[in-house]
**Q** 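Structure in structure tokens, see below.
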Amino acid sequence: MSLLAVFAPHRTAAQVPRSGPAKSNRMKRKYALDRARAQASDVLAATGLVAADAMTLVEPKPNIPADLAFPIFAAAKSAGANPADFARRVADAVTLPADSLLGAVEAADGFVNIHFAPERFARAVLDDVFSADDAYGRDAGIGAEQTLVVEFSSPNIARKMHVGHLRTTVIGNSLRNILVALGYRVITDNHLGDWGTQFGSLLAAHALWGWPPQMETDPVEALVQIYARFHAAAEADPALRDLARQWFKRLESGDEAARATWKQLVKITLEEFDRTYQRLNITFDTTHGESFYEPMLESVVREAIDKGVARVEADGAVSVGFGEALPSYLLQKSDGATLYQTRDVATCLYRWHEYAPARNIYVVGQEQTLHFQQVFETVRRMGYPEIADRSVHISFGAVTDVGGQRFSMRRGTAIFLDEVLDEAVARARQTIGEKMAEGKTELSEAEQETTAEIIGIGAIIYNDLYQGPERGIRFDWDKLLSFEGNTALYIQYTHARCRSILRKADLSPLGRAGDFNAALLTTPEEQAVLKQLARLPHALREAGEKFLPALIAEWTYNLAREFARFYHEHPVLDAATPELRQARLGLVQAVGQGLRNGLALLGIRAPERM
RNA sequence: GCGCCUGUAGCUCAGCGGAUAGAGCGUUUGCCUCCGGAGCAAAAGGCCAGGGGUUCGAGUCCCUUCAGGCGCACCA
């Protein structure tokens, strides 16, 4: 079969699920806040004073005593009225149905401020949480089973993962969780660096010296060292470079011995990577490395040339030019070898053929922005605008040391990922030891170990997710392993307290919101907790739309904060009446659920006690 | 030189064209007879890099200058 046929667009756009936001509101799950907003729009429209399409509701800042606000300036202008007067007229004209989630409407300068009815709002929110539990916040209608590909992590074979791999790994995994929660069918792919001339060096080194003894105990370290040794030797003896090239050529042409050794390298390294992924609770659907696309490269290059997208230079190299739009790049070297870019063009086309994804997402550092622009544009010009349009590069800033220097393998300044995880867990274990000594917690030996792992790993993940990806981040041990303030530990700790209260209450599972009277939860602190709880669905949708896990981190942290305020202010177990105690226990359980759901979306576990 | 990203409190960062710009860390100060103090509360700290513009309204949008990071063909 011609390899060209592989890329024939046998799926037309019409057969493919359409990308973009879900088309039908009916598909979307309606949560309390959605309903409240819809009701607010309805009652404002019913006044006849405001056109429905001119209505934008905003969430007022915390210092404004209101739950929703309608800035009336634009409407006032088109009505030719003074904003403050017009706001008053609109507010006076509003009538609320008896069962509305809204409790009061008032004018405030140029705004119409809307307050929720605390009792009905409390019931609606807790009913949402208890009817969904682990699924609270999810909205399968958004993704509606559309397929997405998310590529992330993508370390190199025969190397160790280092801090530079942290961001892509952690962001990519959380993105996957978020998109799955939104009803997408997500395919995660680890685009391993398992091909290229460096494997020629490794094969040559192996042929010359055999594997070092360390291969038995720490194989990847052994590979790193033998590679460094070969590299040094080649400096002195250029003939070794040719040897490496020959070995790579043998590998490329399918030489069985070369192939077998290479496979061994891949296997050994992947086993080590898998241990790290397991600690981070990450799995991949596919681990198509660059080698996977090797058989397709020749036809990709030929197709690009045939379609006039690429051209053969005098020296035999194949280049792609974009005129003024982008710098040109090479699809094939003058010696006939392919490049990283060639494999990415093939990858992009392969995914289109295989999955026809609504989005093809690359979680890769910002230094590759131009690379992806070139790849996507090449694919577009080759006649696949659909996949080009649907491919997105989620970029993020580089990790540098405290002095702003990038980490470098060559300079020996790289910090390995496992070191980071081990250090974080060790630090957590030490802190647990201190708390034990202070008598603040009681955990068995085994619990201490698992809890230290959960806390340490959680700290690492959260440190990378709590801020947006665009900025570069400085790798600062103290900040990374800080257990105070806006950290995973604060959230985990709050969760553990929720669970502790519920254990002490010693009641049969609360079950549904109907088992207690949520309408009793009307204090400002309780309402603040409920409101934050109610915002999860919105935060999740937005995180999915913008590919921003940071929004989930922010939501979860704020829920923990609101709960801590409530908890400090109001007794739960010793509440004034049994009914109030029961209602507050319901709130505690809902918060625990919310924190757990938020952390789960980030890829962080929530311990029962710590 | 061209392109992309960033510039908000001492530090690390939120901030969707709407009201008095918010957190965490650090600093100062209160709060453990009380459901876990790994917590809560309060104070101090800002010409939102500079300059123009658009708008009823700009940290947010546009233009421009400056500063930092990254990238721009035979590595990945």
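We name chains A, B, ... by the order of the sequence lines, and we start the count at 1 in each one. Hydrogens, waters and symmetry mates are skipped; everything else that's a heavy atom, side chains included, is used.
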**Q** Below 3.5 Å is the cut-off: list the nitrogen or oxygen pairs between protein and nucleotides 22-29 of chain B, distance only.
**A**
residue, atom, partner, partner atom, Å
A23(B), O2', Tyr557(A), OH, 3.4
G24(B), OP1, Arg561(A), NH1, 2.7
G24(B), OP1, Arg561(A), NH2, 3.3
G24(B), O2', Asn486(A), N, 3.4

**Q** Base, sugar-phosphate, or nothing: which does Val58(A) touch, judged by heavy atoms less than 4.0 Å apart?
**A**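 Counting heavy atoms under 4.0 Å across all strands, no contact is made by Val58(A).
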
**Q** Heavy atoms under 4.0 Å, any strand shown: does Gln366(A) hit a base, just sugar-phosphate, or nothing?
**A**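 Base contact.
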
**Q** Once rounded to the nearest 0.5 Å, what's the spacing between atom CG of Leu339(A) and atom CD of Glu290(A)?
**A**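 The distance works out to 10.5 Å.
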
**Q** Establish, with yes or no, whether the OP1 or OP2 oxygen of C35(B) is under 4.0 angstrom from a side-chain nitrogen or oxygen of Ser500(A).
**A**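 For C35(B), OP1/OP2 do not have a side-chain N/O of Ser500(A) under 4.0 Å.
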
**Q** Is there a donor-acceptor pair under 3.5 Å between the side chain of Asn558(A) and the backbone N or O of Glu554(A)?
**A**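 Yes; at least one donor-acceptor contact below 3.5 Å.
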
**Q** Pairing check on A58(B): which nucleotide meets the Watson-Crick or G-U wobble criteria with it, both distances under 3.5 Å?
**A**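 By the stated definition (distances under 3.5 Å), nothing pairs with A58(B).
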
**Q** Between G10(B) and U6(B), how many Å separate the two P atoms, rounded to a whole number?
**A**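 So the two P atoms sit 22 Å from each other.
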
**Q** Not counting sequence neighbours, list each pair that qualifies as a side-chain hydrogen bond (donor to acceptor under 3.5 Å, both in side chains) and has a residue in residues 474-496 of chain A.
**A**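 As it turns out, the side-chain hydrogen bond (donor to acceptor under 3.5 Å, both in side chains) pairs with a partner in residues 474-496 of chain A, which skip direct neighbours, are Tyr462(A)-Asn486(A), His495(A)-Arg596(A).
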
**Q** With Arg429(A) as reference, evaluate Gln448(A), Glu449(A), Glu453(A) under the side chain to side chain donor-acceptor pair (under 3.5 Å) test and give the passing residue.
**A**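 So, applying the side chain to side chain donor-acceptor pair (under 3.5 Å) to Arg429(A) and each of Gln448(A), Glu449(A), Glu453(A), only Glu449(A) qualifies.
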
**Q** If we take the P atom in both G7(B) and A43(B), what is their distance in whole Å?
**A**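 Taking atom P in both G7(B) and A43(B), they lie 28 Å apart.
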
**Q** Distance check: side-chain N/O of Tyr490(A) vs OP1/OP2 of G37(B), anything under 4.0 Å?
**A**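 For G37(B), OP1/OP2 do not have a side-chain N/O of Tyr490(A) under 4.0 Å.
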
**Q** According to the 5.5 Å centroid and 30° plane-angle thresholds, does Phe111(A) stack upon the nucleobase of A19(B)?
**A**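 The ring of Phe111(A) is stacked on A19(B).
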
**Q** Expected output is a numbered-order residue list: members of residues 77-90 of chain A with a heavy atom under 4.0 Å from any atom of RNA chain B. What is it?
**A**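 Residues of residues 77-90 of chain A under 4.0 Å from RNA chain B: Lys77(A).
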
**Q** Pull out every residue in residues 327-334 of chain A that has a heavy atom closer than 4.0 Å to any atom of RNA chain B, ordered by number, or say none.
**A**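 By residue number: Pro327(A), Ser328(A), Leu330(A), Lys333(A), Ser334(A).
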
**Q** Taking Arg609(A) first and then Glu447(A), would you say they form a salt bridge - that is, a charged N and a carboxylate O separated by under 4.0 Å?
**A**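 Salt bridge present between Arg609(A) and Glu447(A).
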
**Q** Once you apply a heavy-atom cut-off of 4.0 Å, does Ala564(A) come out as touching a base, just sugar-phosphate, or nothing?
**A**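 If one applies the 4.0 Å heavy-atom cut-off, Ala564(A) turns out to touch the sugar-phosphate alone, with no base involved.
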
**Q** Please say whether the positively charged group of Arg381(A), taken as NZ for Lys or CZ for Arg, lies over the ring of Phe322(A), i.e. under 6.0 angstrom from the six-membered ring centre and within 45 degrees of the axis.
**A**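 Because its charged atom misses either the 6.0 Å distance or the 45° angle limit, Arg381(A) does not stack over Phe322(A).
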
**Q** Is there any protein nitrogen or oxygen under 3.5 Å from a nitrogen or oxygen in nucleotides 6-11 of chain B, and what are the pairs?
**A**
residue, atom, partner, partner atom, Å
G7(B), OP1, Arg471(A), NH2, 3.3
U8(B), O4, Arg471(A), NH2, 3.2

**Q** Going by the rule salt bridge (Lys or Arg N to Asp or Glu O under 4.0 Å), which residues pair with Asp335(A) if we only count those two or more places apart in sequence or in a different chain?
**A**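 Partners of Asp335(A) by the salt bridge (Lys or Arg N to Asp or Glu O under 4.0 Å) criterion come out as none, since no residue qualifies.
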
**Q** With rounding to the closest Å, how many angstrom separate the C1' atoms on U8(B) and U60(B)?
**A**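 Comparing C1' positions in U8(B) and U60(B) gives a spacing of 11 Å.
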
**Q** When you compare U28(B) with U33(B), how far apart are their P atoms, in angstrom units rounded to a whole number?
**A**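 After rounding to an integer number of Å, I get 24 Å for this pair.
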
**Q** What distance, rounded to whole Å, do you find between the two C1' atoms, one in A9(B) and one in C47(B)?
**A**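 Going atom to atom, C1' in each nucleotide, I get 14 Å.
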
**Q** Below 4.0 angstrom, N of the basic side chain to O of the carboxylate: do Glu434(A) and Lys440(A) qualify?
**A**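 No, this pair does not count.
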
**Q** Identify whether any heavy atom of Gly468(A) sits under 4.0 Å from a base atom; if not, whether one sits that close to sugar-phosphate; answer base, sugar-phosphate or nothing.
**A**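 Counting heavy atoms under 4.0 Å across all strands, the contact made by Gly468(A) is with sugar-phosphate only.
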
**Q** For nucleotides G24(B) and U65(B), find the distance between their C1' atoms and express it as a whole number of Å.
**A**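 Roughly 33 Å separates the two C1' atoms.
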
**Q** Any idea how Tyr293(A) and His288(A) line up, ring-wise: parallel (<30°), tilted (30 to 60°), or perpendicular (>60°)?
**A**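 Perpendicular.
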
**Q** Quantified in whole Å, what is the C1' atom distance between nucleotide G46(B) and nucleotide C13(B)?
**A**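 Between the two C1' atoms, the distance is 15 Å.
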
**Q** Hey, does the side chain of Lys479(A) come within less than 4.0 Å of U12(B)'s phosphate (OP1/OP2), counting only N and O?
**A**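 False: Lys479(A) side-chain N/O out of range (4.0 Å or more) of U12(B) OP1/OP2.
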
**Q** When you look at Tyr362(A) and Phe372(A), which way does the ring pair (Phe, Tyr, Trp, His ring centres under 6.0 Å) test go after all the steps?
**A** CA-CA 9 Å; Tyr362(A) 299 80; Phe372(A) 282 111; 4.7 Å; yes

**Q** Distance between the C1' atoms of G22(B) and C16(B), in whole angstroms?
**A**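 That atom pair is separated by 15 Å.
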
**Q** Would you mind calling C32(B) syn or anti? Take O4'-C1'-N9-C4 for purines or O4'-C1'-N1-C2 for pyrimidines, and syn is within 90° of 0.
**A**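 Base orientation: syn.
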
**Q** After noting the C-alpha distance and the side-chain angles of Tyr227(A) and Phe230(A), does the key distance pass the ring pair (Phe, Tyr, Trp, His ring centres under 6.0 Å) rule?
**A** CA-CA 5 Å; Tyr227(A) 182 78; Phe230(A) 186 86; 7.7 Å; no

**Q** Under 4.0 Å between any heavy atoms, over every strand shown, what does Leu489(A) touch: base, sugar-phosphate, or nothing? Just pick one.
**A**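 The answer is base, as Leu489(A) lies within the cut-off (heavy atoms under 4.0 Å) of a base atom.
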
**Q** Output the rounded distance in Å from CD (Glu562(A)) to C1' (A41(B)).
**A**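 In whole Å, A41(B) C1' lies 14 Å from Glu562(A) CD.
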
